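No experiment lies behind these values; they were computed from the predicted model shown.
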Number of protein chains: 2
Amino acid sequence: MTKSQKPVPGRRVRGSATGRPVMVLLDLLGRRWVLRILWELRGPPLTFRALQAACGGLSPSVLNARLAELRDSLIVEQRPDEGYALTRQGRELLTQLAPLTAWSEKWAKSLG
Amino acid sequence: MTKSQKPVPGRRVRGSATGRPVMVLLDLLGRRWVLRILWELRGPPLTFRALQAACGGLSPSVLNARLAELRDSLIVEQRPDEGYALTRQGRELLTQLAPLTAWSEKWAKSLG
DNA sequence: ATTTTTGCTACGATTTCAGTAGCAAGAACA
DNA sequence: TGTTCTTGCTACTGAAATCGTAGCAAAAAT
């Protein structure tokens, strides 16, 4: 009955005994599907299944695990009758990530 | 003799048949240790072992796999007699990610 | 009342990662 | 020259994460 390790600032995480917030964040964001999930939630709220489809049909078990972590981290919230959405905080985080689109376009060209 | 799947823009990746650059990037960045490795390379070049230590002693096999992917993606380069460093492109990418530190500080407080 | 949709849980198969050991090549000594 | 140390990396095994599919209970739609 091993519970998934939720990264919490102040507590040690993978590869960092200090628990510095940015390390915790990198640990959280570095888990599979997390960036993609945040990305797909940039628009209106999505239901569990819609989000699953948007992510190309990832396992519901993994999706559920990621959503639990993101809810615990107050980045994603579940709204009754609407579905999953970013919190205000989560939306700010996504804003920080937005320039990645532009960067990735240039990057793609450089890779031919 | 299965080779590691390197994400390349234009080719389909996990959960995305389109191969849109940003999806490929999210796939790449979402792999374990990638964000952390980029982060640790924000300063001067690091040797393989120094980088390994900076990441808290991750497996050399995983580090080597990640470095191969990042080199193929022209984000990291290996400089003779210096070690591993970000390319110009990779440095730009890290710049996009820099605001995450500030965000993570606020985030940590909100979770406190 | 029946069918659909939704939000999940269960479970076995596969892939990835962790952790340790160790080796070949080069540099630094001696 | 021979020995020791460092460096970059490969090999191997066990543990953990993820995939892919099946399916179930509750709510909504028909």
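If you take CG on B/D72 and CG on A/L111, they are separated by 9.0 Å, rounding to the nearest 0.5 Å. The CD atom of B/E105 lies 10.5 Å from the CG atom of A/L25; values are rounded to the nearest 0.5 Å.
Every side-chain hydrogen bond (donor to acceptor under 3.5 Å, both in side chains) that B/E92 has, sequence neighbours left out, goes to A/K106. The side-chain hydrogen bond (donor to acceptor under 3.5 Å, both in side chains) search around A/Q96 returns none, not counting sequence neighbours.
Rounded to 10 degrees, the angle separating the terminal helix axes of the helix from C/dA1-D/dT30 to C/dC29-D/dG2, each built from five base pairs, is 30°.
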Could you go through the side-chain contact (heavy atoms from CB on, under 4.5 Å) check for A/L38 and A/L29 one step at a time?
-> CA-CA 9 Å; A/L38 295 182; A/L29 295 184; 3.9 Å; yes
Could you go step by step and tell me if B/L93 and A/W107 meet the side-chain contact (heavy atoms from CB on, under 4.5 Å) rule?
-> CA-CA 9 Å; B/L93 175 58; A/W107 174 60; over 6 Å; no
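Rounded to an integer number of Å, the gap from CZ of A/R32 to C1' of C/dT15 is 8 Å. When rounded to the nearest whole Å, the span between CG of B/L58 and P of C/dC17 equals 10 Å. In this entry the distance linking CZ of B/R31 with C1' of C/dT16 reads 11 Å, nearest Å.
Under the 3.5 Å distance criterion, the side-chain polar atoms of A/R36 are matched with a main-chain donor or acceptor of A/A54. Side-chain atoms of A/R31 do not come within 3.5 Å of backbone N or O of A/L28 as any donor-acceptor pair.
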Is there any protein nitrogen or oxygen under 3.5 Å from a nitrogen or oxygen in nucleotides 6-13 of chain D, and what are the pairs?
from	atom 1	to	atom 2	distance (Å)
D/dG8	OP2	B/F48	N	2.7
D/dG8	OP2	B/R49	N	3.3
D/dG8	N7	B/R49	NE	3.0
D/dG8	N7	B/R49	NH2	2.9
D/dG8	O6	B/R49	NH2	2.3
D/dC9	OP2	B/Y84	OH	2.2
D/dT10	OP2	B/N64	ND2	2.2

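One finds no side-chain N or O of A/W33 lying less than 4.0 angstrom from the OP1 or OP2 phosphate oxygen of D/dA17. Taking only side-chain nitrogens and oxygens, B/R66 comes nearer than 4.0 Å to OP1 or OP2 of C/dC17.
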Under 4.0 Å protein heavy-atom contact, by nucleotide of nucleotides 25-30 of chain D - B base, S sugar-phosphate only | ------
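Shown here is A/R79, whose CZ atom has more than 12 heavy atoms of other residues, nucleotides or ligands within 6.0 Å.
Contact between A/E77 and A/R71 at its shortest, heavy atoms only, is CA-CG, 4.3 Å.
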Give every donor-acceptor pair under 3.5 Å between a side-chain atom in residues 58-65 of chain B and any protein atom, sequence neighbours left out.
none

